[in-house]
There are 2 protein chains.
Amino acid sequence: MDSNLVQFKKGVLELCVLALLARSDSYGYDIASRLSAAIDMGEGTIYPLMRRMQKDGLVSTYLVESSSGPPRKYYRLTEGGRKNLNDQKSAWTDFTRAVAAILDLDLEKTS
Amino acid sequence: MDSNLVQFKKGVLELCVLALLARSDSYGYDIASRLSAAIDMGEGTIYPLMRRMQKDGLVSTYLVESSSGPPRKYYRLTEGGRKNLNDQKSAWTDFTRAVAAILDLDLEKTS
DNA sequence: GCACGGAACCTGTCTATGCAAGGTAGCCAT
DNA sequence: ATGGCTACCTTGCATAGACAGGTTCCGTGC
């Protein structure tokens, strides 16, 4: 079926999270909600991801009290995270370009 | 590092193989060589993939003698394979578009 | 006060995929 | 007959997400 849609996301979720955080700090539930709308991501998926990214030094965290539930754990991009975003972004661009070249072999004419 | 490049490939390799076979029948080693050049795919990856695709009825096979090594196992797209190619291709297009929208939030203007 | 629902967090287990490394078999040239 | 090349195949491992469950905290209605 379209269960391979799941596979497409591998690695890209991290990139998307980095991109979101580059705009402004955010907390897990919010990130999950937004990405769940854009591409189809379950809420439970975000927390292991964020933990990994923190372990890898891409993000740092701080808590903010909330009047509607438990305190929110905000994530902020680190320097390394910002650099990583750029690297991954161009890697992704290159990759999709290469794939597009394979998919649309017909157009592959000009240099 | 760029080890996440590995993750980007998840699921997409199958799509690429389908696209190659849509042009003409081919055998494992040849497919692997070409995809290894385009995106960076290891040879050992192709055989489990082809087996899976055959099990899923996307390709059929036939042997052709070769004067330079063991007989080549050619793969041909089935009807289902061709349909699957179209489905996956549009799924991939949609997905990359969604990701691009997240990455380039700034440009996101005209519908 | 207490029960409920919802916000927000966390964890454990499963599956799919790709990779690296290894192993076989034929053919050709030295 | 040795080495090297094509071409095939297999196994064990690491990774990332999905899913289902569980927990804490708050506000509202009874």
Side-chain angles (χ1 to χ4, degrees), chain A residues 1-18 25-36 38-56 58-59 61-75 88 92 95 99, chain B residues 1-18 25-36 38-56 58-59 61-75 88 92 95 99:
Chain A
M1 310 309 155
D2 53 2
S3 62
N4 52 347
L5 203 244
V6 172
Q7 300 302 325
F8 290 166
K9 297 179 201 163
K10 298 284 168 98
V12 187
L13 281 187
E14 178 174 319
L15 174 56
C16 290
V17 171
L18 287 171
D25 296 1
S26 185
Y27 54 99
Y29 191 84
D30 179 57
I31 298 175
S33 303
R34 288 201 267 161
L35 286 187
S36 152
I39 45 194
D40 180 70
M41 162 206 240
E43 189 228 330
T45 303
I46 195 68
Y47 297 102
L49 213 196
M50 297 316 296
R51 189 101 36 74
R52 216 169 53 226
M53 291 174 65
Q54 187 173 12
K55 180 173 64 73
D56 294 345
L58 303 181
V59 299
T61 68
Y62 55 95
L63 289 178
V64 174
E65 294 295 325
S66 162
S67 65
S68 67
R72 297 169 171 167
K73 185 187 276 183
Y74 273 78
Y75 298 91
Q88 283 201 50
W92 173 250
F95 178 71
V99 172
Chain B
M1 304 304 160
D2 53 4
S3 61
N4 52 349
L5 204 242
V6 173
Q7 300 302 325
F8 288 166
K9 298 178 201 164
K10 298 282 169 97
V12 187
L13 285 186
E14 178 174 319
L15 173 56
C16 290
V17 170
L18 287 172
D25 297 1
S26 184
Y27 54 99
Y29 191 83
D30 179 56
I31 298 174
S33 304
R34 287 199 267 162
L35 286 187
S36 154
I39 45 194
D40 181 71
M41 166 209 236
E43 191 227 332
T45 304
I46 195 68
Y47 297 102
L49 214 196
M50 297 316 296
R51 196 166 290 274
R52 224 167 46 227
M53 291 174 65
Q54 186 173 14
K55 180 172 64 73
D56 294 345
L58 303 181
V59 298
T61 67
Y62 55 96
L63 288 177
V64 174
E65 293 294 325
S66 162
S67 65
S68 67
R72 296 167 172 168
K73 184 187 277 183
Y74 272 78
Y75 298 89
Q88 283 202 50
W92 173 250
F95 178 71
V99 172

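A, B, ... follow the sequence lines: proteins, then strands. Residue 1 opens every chain. Here the structure is a predicted model, which means the values were calculated and not measured.
The A/M41 side chain lies nearest to D/dA18 when the options are D/dA18, C/dC19, C/dA16. The listed nucleotides are C/dT11, C/dC19, C/dA8; the one nearest the side chain of A/P70 is C/dA8. You'll find that the side chain of A/K9 is closest to D/dG17, out of D/dG17, C/dT11, C/dA16. Distances were taken from every side-chain heavy atom of B/Y29 (C-beta onward) to each of D/dT15, C/dT11, D/dT6; the shortest belongs to D/dT6. Considering only side-chain atoms of A/Q7, the nucleotide from C/dT17, C/dC10, D/dT10 that sits closest is C/dT17. The B/Y47 side chain lies nearest to D/dT10 when the options are D/dT10, C/dC10, C/dC19. Considering only side-chain atoms of B/L13, the nucleotide from D/dT15, C/dA25, C/dC19 that sits closest is C/dC19. Among the nucleotides D/dT10, C/dG18, D/dG17, the one closest to any side-chain atom of A/T45 is D/dG17.
Here the shortest heavy-atom pairing between A/M50 and A/V17 reads SD-CG1, 3.8 Å. Closest heavy-atom contact between B/S66 and B/P70: CB-O, 3.9 Å. In terms of heavy atoms, A/P71 sits closest to A/E65 at CB-OE2, 4.2 Å.
Nucleotide D/dC26 holds its P atom 13 Å from the CZ atom of A/R72, rounded to whole Å. Atom CD of A/E14 and atom C1' of D/dT15 are 12 Å apart (whole Å). In this structure, OH of B/Y27 is placed 13 Å from P of D/dC9, rounded to the nearest angstrom. Rounded to whole Å, the distance from CZ on A/F8 to P on D/dA18 is 13 Å. The CZ-C1' distance, from A/R52 to D/dT15, rounds to 8 Å in whole Å. Distance A/I39 CD1 to D/dA16 P: 16 Å, rounded to the nearest Å. Rounded to an integer number of Å, the gap from B/N4 CG to C/dC19 C1' is 15 Å. The distance from atom CE of A/M50 to atom C1' of C/dT11 is 17 Å, rounded to the nearest whole Å.
Within 4.0 Å of B/P71, counting heavy atoms only, lie sugar-phosphate atoms of the nucleic acid but no base atom. Contact annotation for B/G42: backbone-only contact, meaning every heavy-atom pair under 4.0 Å involves sugar-phosphate atoms and none involves a base. Base contact: B/K10 has a heavy atom under 4.0 Å from a base atom. Among the protein residues, A/V64 comes within range of no part of the nucleic acid, since none of its heavy atoms lies under 4.0 Å from any strand.
Dashed line: the shortest gap from a side-chain N or O of A/R51 to OP1 or OP2 of C/dT11 is under 4.0 Å.
The aromatic rings of B/Y62 and B/Y74 sit parallel to each other, their planes meeting at less than 30°, with 60° as the upper class boundary.
Mapping A/G11 and A/E65 onto DNA chain D via the closest heavy atom, the residue that lands nearer the 5' end is A/G11. Mapping A/G44 and A/S66 onto DNA chain C via the closest heavy atom, the residue that lands nearer the 5' end is A/S66.
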Check the pair B/N4 / A/E14 against side chain to side chain donor-acceptor pair (under 3.5 Å), numbers first and verdict last.
CA-CA 10 Å; B/N4 52 349; A/E14 178 174 319; 5.2 Å; no

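The structure places OH of A/Y75 at 8.0 Å from CD1 of A/I46, a figure rounded to the nearest 0.5 Å.
For a distance-only test at 3.5 Å, the side chain of B/E43 qualifies as a donor-acceptor partner of the base of D/dC8.
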